[in-house]
Number of protein chains: 2
Amino acid sequence: MGGPEVDRLVALLARLPGLGPRSARRAALHLLKNRGSLLEPLTAALERTAEAVKPCPVCGNLDTVEPCGICSEARRDRSTICVVEEVDDLWALERAGIFGGLYHVLGGALSALDGVGPEDLGIAGLVARASDGAVEEVILATNATVDGQTTAHYVTDRLEGCGVRVSRLAFGVPMGGELDYLDEGTLGAALKARRAV
Amino acid sequence: MGGPEVDRLVALLARLPGLGPRSARRAALHLLKNRGSLLEPLTAALERTAEAVKPCPVCGNLDTVEPCGICSEARRDRSTICVVEEVDDLWALERAGIFGGLYHVLGGALSALDGVGPEDLGIAGLVARASDGAVEEVILATNATVDGQTTAHYVTDRLEGCGVRVSRLAFGVPMGGELDYLDEGTLGAALKARRAV
């Protein structure tokens, strides 16, 4: 319906996370029904974003300035680097406003299944940063998945000899989490890491 | 995060049906991470669609040709017009492949709450089409909502004197629907419209 132009638009929209084939069709129609207020501004915003936003050569964050806003912020603690898999994770931590150090985006996790090896991730860059003398601690904040854990182990090995402390996020019961709904792995980790009150 | 360009892109993406603020941010990042394969093709597809796709002057469908592919298809039954609220509804009926006549898109439903009056909908155009002598039946396929029903009643009144039969879609239990999960309105309508076996 609507000709090949609409079909192509729907196919592309369906590749966005959160949209399936059906919701992509609804989104395409919504765009067509709101040309001036949505379709045209969105096209312009996509163009401007593609032009302006680049990965930071230091940490891999996406920003309009080089190095990125975080790397160039004076009041950041330059002795601590938090290692994350993706830019999404960095943004999640920043939104939480709980970390004042620098970041390093690996660009994914090691995965035998998906054929992602160490050379595909920004590990060499991390080792170089960790060896520059100013860094004291590297916090591994990869996902608590098999691939994320494997990556954390591998990065720990690679950081040996850099003279930095390597730590990782704690595992446990999420705030507001009900034990009843948690998997055994989380419960086991929370029990093992229990603290005296 | 990512500068004002990304914030603006996220704000626009969040206005698509199916995407909220959080998934819009994920979609924006996904676009930035897949520039060549997604961001740029999507920008181009939006531009081409905005340029090529126009509402059909006869029925209100969206298409790249005028009149639209359905209005100009020779094998369509020109004696029947199916009236729908939105282009989405027309496309849903076409996907089902169950109707061989023509359509008329009203562009919404009467709504006191949203301030949509008869003059905001394509009702005058429908009356003109229904009066041209070739049309024998108008099928009302507005939504089974309060606004859709009100619109159907109003359109029925306006079509009086045009010399056409006016019908509407049947109400009842949806195929595969379990009675247990249906609301009382649907059950009541299905009972009232029961048929001899």
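Remark: A:L113 CG is loosely packed, at most 12 non-hydrogen atoms of other residues, nucleotides or ligands lying under 6.0 Å away.
Along residues 45-53 of chain B, the residues that come nearer than 4.5 angstrom to chain A, judged on non-hydrogen atoms, are B:A45, B:L46, B:E47, B:R48, B:T49, B:A50, B:A52, B:V53 in order of number.
Residue A:L31 touches chain B through its side chain alone, counting heavy-atom pairs closer than 4.5 Å. B:R35 touches chain A through its side chain: at least one heavy atom from C-beta onward sits under 4.5 Å away, while N, CA, C and O do not. Residue A:E40 does not touch chain B at all, counting heavy-atom pairs closer than 4.5 Å.
With contacts defined as side-chain heavy-atom distances shorter than 4.5 Å, the pair A:V87/B:L32 does not qualify.
Of the inter-residue distances, the one linking A:S23 atom OG with B:L16 atom CG reads 10.0 Å to the nearest 0.5 angstrom. Atom CG of residue B:D88 and atom CG of residue A:L29 lie 4.5 Å apart, to the nearest 0.5 angstrom.
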For residues 98-106 of chain B, dump all side-chain donor-acceptor pairs below 3.5 Å to protein atoms at least two apart in sequence or in another chain.
| from | atom 1 | to | atom 2 | distance (Å) |
| --- | --- | --- | --- | --- |
| B:Y103 | OH | B:E94 | OE2 | 2.6 |
| B:H104 | ND1 | B:R129 | NH1 | 3.0 |
| B:H104 | NE2 | B:G122 | O | 2.7 |
| B:H104 | NE2 | B:L126 | N | 3.4 |

Identify each donor-acceptor pair in which a side-chain atom of residues 135-144 of chain A lies under 3.5 Å from a protein atom, sequence neighbours left out, and give them as a table.
| from | atom 1 | to | atom 2 | distance (Å) |
| --- | --- | --- | --- | --- |
| A:E137 | OE1 | A:R165 | NH2 | 3.3 |
| A:E137 | OE2 | A:S167 | OG | 2.8 |
| A:T142 | OG1 | A:G148 | O | 2.9 |
| A:N143 | ND2 | A:E85 | OE1 | 3.2 |

Next item on the list: Take A:T64 and B:V6 through the test side-chain contact (heavy atoms from CB on, under 4.5 Å) and record every step on the way to the result.
Entry: CA-CA 9 Å; A:T64 47; B:V6 174; over 6 Å; no
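Counting heavy-atom pairs under 4.5 Å between each of B:S37, B:P55, B:A11, B:C56 and chain A puts B:S37 at the top.
For the ring-ring contact (aromatic ring centres under 6.0 Å, His included) condition, no pair includes a residue of residues 139-177 of chain B, sequence neighbours left out.
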